[in-house]
Every structure is written in C-alpha cells, then in structure tokens.
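See below for the structure under consideration.
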There are 2 protein chains.
Amino acid sequence: MGLAKTEMFTDLQNEIALYAKVFGHPARVAILQKLFAIDACYCGDLVNEIGLAQPTISQHLKELKHLGLIKGNVEGTSVCYCINTEKWTKMKEVMIQFLDQDIPKADCC
Amino acid sequence: MGLAKTEMFTDLQNEIALYAKVFGHPARVAILQKLFAIDACYCGDLVNEIGLAQPTISQHLKELKHLGLIKGNVEGTSVCYCINTEKWTKMKEVMIQFLDQDIPKADCC
DNA sequence: AATATTAATCGTAATATTGCAATATATAAA
DNA sequence: TTTATATATTGCAATATTACGATTAATATT
C-alpha cells in the first residue's frame, strides 16, 4: 500500500500527521532553521548551504510552500523564501497542543 | 532513492526529523492520543478503537516503541502499552524548541 | 495435552518518498 | 536578440512506507 487510510481518523489527527510529515526530513528541518536564522533566503543560498542538488532543494521548498509554512517571492531571476509567520503560528498551536498533553501519573499498568 | 542523506545534517536536525516522522501518520497520532487519554491500553483495545488490522497496529506500535516514546508491558497473553513519560518529556523539549523559534519581524524580503 | 486467546513476525502488493540528470521557463544582461 | 543566471518541472531509479493475510509464538484455560 504505502497509502494512509486517512478517512478513519479525525481531521485533527490528519492535520497533525501532515505537519509532522513535512518536518520528517532533515533537509526540510534545515531549510526552516535557515529561514528562521536569516529571516529571508534565496533558493540558491539554500542549495549552497545544504549539500543537496538544486532540483532536490526545489522539491523540498515546494512541499513546505504547499503546506503554507513558507512563502516565495520572485525577485528577478531568483526567488526569496521566508517563513509564513501567520501559518507557522497556527501550526505551532496545533502541534504544541498535541505534544503538551498531560503526562500520565504512572508509567505503565 | 527514497533514502535521506542524513550524513549531511546535524544530529539535532536528524533527531527532529526522526521524531516528526513517527508523528507523520494519523494512526500513530491516534494511538498516542489514546494512551494519553486512558493512561494505559491493551494492544487489542487499540485494534478495536482504530479501524486498522491487528498486524498494522502492531507495526505502528513497534515504531513508537523503537523510538522509545511508548513502553509495552506483557500481561499474560496481552500486552499493555503506555507513554514513556521520561522520553516523551525529552522529545517534547527538542520539538518545542524547534517549533518555538523566534518569528521573524517581516514576512518576506 | 489440547484448545483458545493475544500479539508479533513474515511475506508481499500497492503506493510514496528521495534524489538527481536533463530539460524547460523566466528574467537579466550584453 | 543572443547569452547568462536562477529556479521549476519532468522522468526515472532506488528505497521506504503502509496495509494485511497467513503464520508463528507465547501464555491461559479446559
């Protein structure tokens, strides 16, 4: 298969999984950290910074953009990427609520 | 390929990606939510609760256990699963630090 | 001992992901 | 208008993931 049966889960469960999935590759983590560190970044800089080929970086950027977590701004021949702060804040709320559930008292049955 | 080039990333980036990856499937999100909700849970209960086949649930539990986020306690013929609170707390710190980076002032270049 | 119950493992089919070379596209510069 | 530069898209090979039927393993019950 390789295909998650999303219809058997709640919208929230699927939403959490979608966000998590996009963070599930170190290249995308690295891209996001870089965008946070320097506020805005050209695609070419990311290709140099991270050691992956240009089409590979472009593909990872596309996934981040598709979820809305980053924005791309065309400037001449290059594209400037940055964090979509509004969307990031929304995502953060959802994810932190999931991560920050009340820890059970006892460790196991 | 289908194989992430982990050697070109920092340990932290790979750690974040590994945690995120395991949350990247709604079934595993659902399992964890259930374990938080009722503190401890038998494998069979999870199979009933979530609509996936027993081997599928067993596989997802294995992945969560492999990362150390849950513990399994054999009780006769059944196995009682629960959150590994110590590991969960450590994971939470790492993930929240990633999610909670300082939002840039300007939205884009 | 024979049978039932519960969960793990194996094998396998369907699909998804990753990475990159080659190519296309779009703007800038000469 | 040709050429250079930067990024996106396409196509494809290698690998990973998801799901489940069949089977196995381990303990309980009769």
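Chain letters run A, B, ... following the sequence lines, proteins first and then strands; every chain starts at 1.
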Checklist entry - Do B/Q59 and C/dA8 share a donor-acceptor pair, side chain to base, under 3.5 Å? => result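 No.
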Item to check | Side-chain-base donor-acceptor pair under 3.5 Å for A/Q54 and D/dA6 | outcome: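 Checked by distance alone, the answer is no.
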Item to check | Counterpart base for D/dT5, defined by Watson-Crick or G-U wobble contacts under 3.5 Å | outcome: C/dA26
Any side-chain N or O of [X] less than 4.0 Å from the OP1 or OP2 oxygen of [N]?
X: B/H60; N: D/dA19; result: yes
X: B/T77; N: D/dT27; result: no
X: B/Y81; N: C/dA8; result: yes
X: A/T56; N: C/dC20; result: yes

Heavy atoms under 4.0 Å, any strand shown: does [X] hit a base, just sugar-phosphate, or nothing?
X: B/I57; answer: nothing
X: A/K21; answer: sugar-phosphate
X: A/L52; answer: sugar-phosphate
X: B/S78; answer: sugar-phosphate

Item to check | Comparing A/L3 and A/H25 on DNA chain C - which has the more 5′ nearest nucleotide | outcome: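 By nearest-heavy-atom nucleotide position, the 5'-most residue is A/L3.
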Checklist entry - What is the distance from atom CE of A/M91 to atom CZ of A/F23, rounded to the nearest 0.5 Å? => result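 Answer rounded to 0.5 Å: 3.5 Å.
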Item to check | CG-CG distance between B/L69 and B/L64, expressed to the nearest 0.5 angstrom | outcome: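 If we round to the nearest 0.5 Å, B/L69:CG and B/L64:CG are 6.5 Å apart.
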Next on the checklist: Do A/N84 and A/K65 have side chains that approach each other closer than 4.5 Å (heavy atoms only, starting at C-beta)?
Outcome noted: no
Checklist entry - Nearest to the side chain of B/K5 - D/dT9, D/dA19, C/dG19? => result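 The closest nucleotide is C/dG19.
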Next on the checklist: Measuring from the side chain of A/V79 (C-beta onward, heavy atoms only), which nucleotide among D/dA28, D/dA8, D/dT9 has the closest atom?
Outcome noted: D/dA8
